[in-house]
Undergrad: 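For reference, the structure I am asking about is given below.
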Amino acid sequence: MNKPIFIVGSPRSGTSILTWCLGQHSNILVQEESDWLGRFALDVEAAYQSGTHRGERSQLGSLGVQRPEFFNCFGDAINNLILQHRYERRRIALEEAMATPASDLRLPAFQTERSDSDPKGRWVDGTPEYSFYICGLRKLFPGAVFIHLLRDVKSVVRSMLKFKQTGGPALVENEQQAYDYWLRTVRACFKAERAYGSRVVYRMLYCDLVGDSARTLRLLLDFLQEPYEPACLEPLQHRINSSNVPPDFTPVDPQTGQEVEARQLEAELMNDRTPVPPSGAIAAELEAEFEKRVHHNQNVNKYHRRALRKIAALEKQLEQLRCESPGRLKPWQRWMHRRQHLFKSVRSERISPQE
């Protein structure tokens, strides 16, 4: 079945543990966070536009290849590739577990497969950043479903600020960035839910997952049209990827202006559980945003070259001023510092607007 499951939402919301819970199901193959599929969807769209931009005089245009067919070819290939490598995935997981005594994969609750007879006909990916790529992923996998795991913003912010203690890179530098990160991801998921409806984007509360686990997973598996299996509960007995936030840790940043906004959105989504119907108008907005990102990716190198030319011209003007009036350069020192910072950022950053 080409019906992958994507768990989305803000980082530090429990996406990893829910991925492993579903991965214990006999028909669902657990995956590590992939990170590349969202950007790949943008590249596929750019390739299709390139292959059809001259109409019938373009290769894809002359063959009559339609956009959904083009995307489906890549989506089917990815789906088959993942499912065909299930045993390789298990071998690598076992080797990792043996090499790392503290690995969670040594625990019976964290198995990539529990039996050779497991069908494992679909897979689950818990990459939080896919909150921003739901539109593109649906193009690759029209049968995909998305689980928006929603956790209270206060717990997420505290965990983000302490995430570096897990040994990974810092997610945010301060409380302001943490609230902004939560808002951006949750807004993106909620917008996708309103665009495609609750039958495609399933909103699930983290407090329900840990507070009433059996019932919550039953409802989730009903949504996925998979039979309930008690093994899916076992990973919840263990803490993984925890930030180990001290109970008395209370971040207070007087500069945080988005806390009220975040709490309002949190209350709205947690208190209103009414199923959401799909909206063609909002889906069209996501399509337009997708096209904008594709255009940005296609032209980012051109923007980069243009910026470098502008910097070179400014440096030339500065050199002329230095030769003509050495004594007048002091007021320019601050400008020169900003120019150097700009030059460094232009050379190192090539990211899309939403990222």
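Start at 1 with the first residue, then count along the sequence.
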Undergrad: Tell me whether Arg199 at atom CZ has more than 12 heavy atoms from other residues, nucleotides or ligands lying less than 6.0 Å away.
TA: no
Undergrad: Answer yes or no: is there an ion pair linking Lys120 with Glu113, defined by an N-O contact shorter than 4.0 Å?
TA: no
Undergrad: Could you check whether any side-chain N or O of Arg151 sits under 3.5 Å from a backbone N or O of Tyr206, counting only pairs where one atom can act as donor and the other as acceptor?
TA: no
Undergrad: Would you indicate whether the side-chain heavy atoms of Met204 and Asp208 approach each other to under 4.5 Å?
TA: no
Undergrad: Do Leu219 and Leu22 share a hydrophobic cluster (ILVMFWY, side-chain heavy atoms under 4.5 Å, transitive)?
TA: yes
Undergrad: Examine Ile282 and Ile134 and state if one hydrophobic cluster contains both, with Ile, Leu, Val, Met, Phe, Trp and Tyr joined whenever side-chain heavy atoms are less than 4.5 Å apart.
TA: no
Undergrad: Quick one: does Leu209's side chain get under 4.5 Å of Leu217's, heavy atoms only?
TA: yes
Undergrad: Of all heavy-atom pairs between Glu226 and Asn27, which one has the smallest distance, and what is that distance?
TA: OE2-ND2, 3.0 Å
Undergrad: Is it true that Glu259 and Lys154 make a salt bridge, defined as a side-chain N closer than 4.0 Å to a carboxylate O?
TA: no
Undergrad: Let me know which of Arg293, Lys292, Arg67 forms a salt bridge (charged side-chain N to carboxylate O under 4.0 Å, His left out) with Glu45.
TA: Arg67
Undergrad: Just how far is it from atom OG1 of Thr112 to atom CG of Leu94, taken to the nearest 0.5 Å?
TA: 6.0 Å
Undergrad: So, Glu234 versus Gln24: side-chain donor-acceptor pair below 3.5 Å or not?
TA: no
Undergrad: So does Arg114 pair up with Asp118, basic N to acidic O under 4.0 Å?
TA: no
Undergrad: Counting neighbours of CD on Glu291 that are heavy atoms of other residues, nucleotides or ligands and sit closer than 6.0 Å, is the number greater than 12?
TA: yes
Undergrad: Could I get the full list of side-chain contact (heavy atoms from CB on, under 4.5 Å) partners for Ser58, not counting sequence neighbours?
TA: His53, Arg54
Undergrad: What's the spacing between Cys135 SG and Tyr196 OH if we round to 0.5 Å?
TA: 3.5 Å
Undergrad: Do Asn2 and Pro4 have side-chain heavy atoms sitting under 4.5 Å apart?
TA: yes
Undergrad: Would you say the side chains of Thr127 and Tyr133 form a donor-acceptor pair under 3.5 Å?
TA: no
Undergrad: Is it possible for you to say whether Tyr228 and Leu236 belong to one hydrophobic cluster, with membership spreading through side-chain heavy-atom contacts below 4.5 Å?
TA: yes
Undergrad: Do Phe132 and Trp36 share a hydrophobic cluster, counting only Ile, Leu, Val, Met, Phe, Trp and Tyr and linking them when any side-chain heavy atoms are less than 4.5 Å apart?
TA: yes
Undergrad: In sequence, state the C-alpha distance, the side-chain angles, and the governing distance for Trp123 and Phe6, and then conclude on ring-ring contact (aromatic ring centres under 6.0 Å, His included).
TA: CA-CA 9 Å; Trp123 44 279; Phe6 294 98; 5.6 Å; yes
Undergrad: Would a single hydrophobic cluster contain both Phe223 and Val124, if residues Ile, Leu, Val, Met, Phe, Trp and Tyr are joined by side-chain heavy-atom contacts under 4.5 Å?
TA: yes
Undergrad: Taking the side chain as every heavy atom from C-beta outward, state whether Thr15 and Val8 have any atom pair closer than 4.5 Å.
TA: no
Undergrad: Indicate whether any N or O donor in one side chain lies under 3.5 Å from an N or O acceptor in the other, for Gln31 and Asp125.
TA: no
Undergrad: Give a yes or no on this: more than 12 heavy atoms of other residues, nucleotides or ligands lie within 6.0 Å of atom CZ of Arg273.
TA: yes
Undergrad: Find out whether the Lys NZ or Arg CZ of Lys139 is both under 6.0 angstrom from the six-membered ring centre of Tyr48 and within 45° of the ring's axis.
TA: no
Undergrad: Side-chain contact test, heavy atoms from C-beta onward, threshold under 4.5 Å: evaluate it for Tyr179 versus Glu261 and give yes or no.
TA: no
Undergrad: Closer than 4.0 angstrom, basic N to acidic O: yes or no for Glu95 and Arg90?
TA: no
Undergrad: Using 4.0 Å as the upper bound for N to carboxylate O, is an ion pair formed by Arg89 and Glu32?
TA: yes
